[in-house]
Amino acid sequence: MKLYSSALAPSPRRVRMFAAEKELALPVVEVDIASDQTHAPEFLAINDVGETPVLELDDGTRLTESLAICRYLESLQPEPNLLGTTPLEQARIEALVLQIMFRIYVPTTQAFRHTHRFWSGRLRQVPEYGAIAREQALTDWQRWNTRLAHQTYIAGDRYTFADIVAYTTLEFGKPSGIRVAPEQDHLARWHALIGARPSARA
């Protein structure tokens, strides 16, 4: 197997962190977003959406989307379990993953796209929309600060894929000014806890 990844992007970082937790060594093929390599004909032949990550299996089969890739990796390497051990736990973890993706990751992405100079000239920016998206993400992180006062991890008392999605999303928010606020002690504690894991450097 090999992983088509982009160092600057949060989605492939999720897969790299997940694989690191599983101690799965995935050869990485770097696809540079800054130089628009993701939209070069060579990469579009690999994934016509023009996005990473892509996991290419030994037989040439390709999987896209971080959640789908991580599901596949968990089936190959069930331990340590990161996606749930029972149908109920699996459903709860996936619900949290989707909640973070839609309520925080998507607004964070839109804040970045519409307010950061990296995207100037690459797309039509609407700064007002970016500012609204940023506030939405910040509001939801405040909600998580409150929730984390009563639990250690995103899904409760153990580390799961939900922590990976949340951590990479919060890290991705930095260029757009989406950060842990000084008064958000519980979110800061959780962020430091996840950041101290070796997989956070994947």
Side-chain angles (χ1 to χ4, degrees), residues 1 3 5 9-26 47 49 51-57 61-110 133 136-173 178 180 184-202:
M1 294 188 296
L3 179 69
S5 179
S11 298
R13 189 180 181 190
R14 292 179 210 135
V15 177
R16 297 196 308 270
M17 286 182 66
F18 192 92
E21 290 286 340
K22 300 281 188 180
E23 297 185 352
L24 288 170
L26 292 178
N47 182 11
V49 175
E51 295 178 351
T52 57
V54 178
L55 182 68
E56 185 171 284
L57 310 187
T61 301
R62 294 175 180 134
L63 301 176
T64 62
E65 305 302 331
S66 60
L67 177 57
I69 292 171
C70 290
R71 282 191 181 283
Y72 179 75
L73 294 178
E74 179 124 317
S75 72
L76 298 182
Q77 182 74 29
E79 298 297 334
N81 177 272
L82 297 174
L83 287 169
T85 58
T86 67
L88 180 58
E89 189 186 30
Q90 289 168 1
R92 284 177 170 165
I93 291 171
E94 183 159 343
L96 290 167
V97 166
L98 294 175
Q99 184 184 121
I100 293 163
M101 289 291 294
F102 286 109
R103 295 184 62 88
I104 309 181
Y105 174 70
V106 170
T108 298
T109 299
Q110 295 307 318
Q136 181 180 338
L138 289 170
T139 297
D140 231 59
W141 279 126
Q142 178 57 38
R143 183 174 65 86
W144 272 105
N145 182 66
T146 301
R147 289 186 69 168
L148 287 165
H150 309 288
Q151 59 195 67
T152 304
Y153 297 101
I154 295 294
D157 61 358
R158 75 179 185 92
Y159 179 90
T160 68
F161 184 56
D163 293 290
I164 293 175
V165 173
Y167 182 79
T168 53
T169 297
L170 186 54
E171 290 284 289
F172 180 53
I178 301 170
V180 179
Q184 291 176 329
D185 295 344
H186 309 300
L187 186 61
R189 184 268 309 159
W190 166 83
H191 182 257
L193 180 66
I194 305 306
R197 298 176 76 92
S199 63
R201 297 185 288 277

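Between H186 and R147 there is no side-chain heavy-atom pair separated by less than 4.5 Å. V49 places none of its side-chain heavy atoms less than 4.5 Å from the side chain of T64. A heavy-atom distance below 4.5 Å is found between the side chains of F172 and T109. In this structure, V165 and Y105 have side chains that are not in contact, with every pair of non-hydrogen atoms separated by 4.5 Å or more.
I154 CD1 to W144 CH2: the interatomic distance, rounded to the nearest 0.5 Å, is 4.5 Å. With rounding to the nearest 0.5 angstrom, the CZ atom of F161 is 9.0 Å from the CG atom of L82. For the atom pair CE of M17 and CZ of R197, the computed distance is 8.0 Å after rounding to the nearest 0.5 Å. Expressed to the nearest 0.5 Å, how far OG1 of T108 lies from CG of D140 amounts to 9.5 Å. The CE atom of M101 lies 8.0 Å from the CG atom of L67; values are rounded to the nearest 0.5 Å. Rounded to the nearest 0.5 angstrom, I100 CD1 and D163 CG are separated by 7.5 Å.
Tested against F18 for a side chain to side chain contact (heavy atoms under 4.5 Å, CB included), the candidates L24, L26, L83, I69 yield a single pass: L83. Results of the side chain to side chain contact (heavy atoms under 4.5 Å, CB included) test with Y153 over L148, T160, L193 single out L193 as the only residue that passes.
Smallest separation of non-hydrogen atoms from H150 and T146: CD2-O, 3.5 Å. Nearest heavy atoms, Q136 versus P107: NE2-CG, 3.5 Å. Of all heavy-atom pairs between E21 and S199, the closest is OE2-OG, 2.5 Å. Here the closest heavy-atom approach between residue S66 and residue S11 is recorded as CB-O, 3.7 Å. Considering all non-hydrogen atoms of both residues, A133 and Q110 come closest at CB-CB, 4.0 Å.
The backbone N or O of L98 sits nowhere less than 3.5 Å from a side-chain atom of R103 that would complete a donor-acceptor pair. In this structure, R14 contributes its side chain and C70 its backbone to no donor-acceptor pair below 3.5 Å.
Taking the six-membered ring where tryptophan is involved, the planes of W190 and Y167 are perpendicular, since the angle between them exceeds 60° and thus also 30°.
The 12-atom threshold is not exceeded at CZ of R92, counting heavy atoms of other residues, nucleotides or ligands nearer than 6.0 Å. Enclosure of atom CD in E23 is not indicated, since only 12 or fewer non-hydrogen atoms of other residues, nucleotides or ligands lie within 6.0 angstrom. In E89, the CD atom is crowded: over 12 heavy atoms of neighbouring residues, nucleotides or ligands sit closer than 6.0 Å.
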**Request:** Show your reasoning for whether side chain to side chain contact (heavy atoms under 4.5 Å, CB included) applies to I164 and R13.
**Result:** CA-CA 9 Å; I164 293 175; R13 189 180 181 190; over 6 Å; no

**Item:** Trace of the side chain to side chain contact (heavy atoms under 4.5 Å, CB included) decision for I194 with Y159
**Value:** CA-CA 9 Å; I194 305 306; Y159 179 90; 3.7 Å; yes

**Asked** Should M1 and L73 be marked as a side chain to side chain contact (heavy atoms under 4.5 Å, CB included) after you check the CA-CA gap, both sets of side-chain angles, and the distance that decides it?
**Response** CA-CA 11 Å; M1 294 188 296; L73 294 178; 4.2 Å; yes

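Checked against salt bridge (Lys or Arg N to Asp or Glu O under 4.0 Å), R16 has no partners two or more places apart in sequence or in another chain.
No hydrogens or angles considered: nothing links the side chains of Q151 and D157 as a donor-acceptor pair under 3.5 Å.
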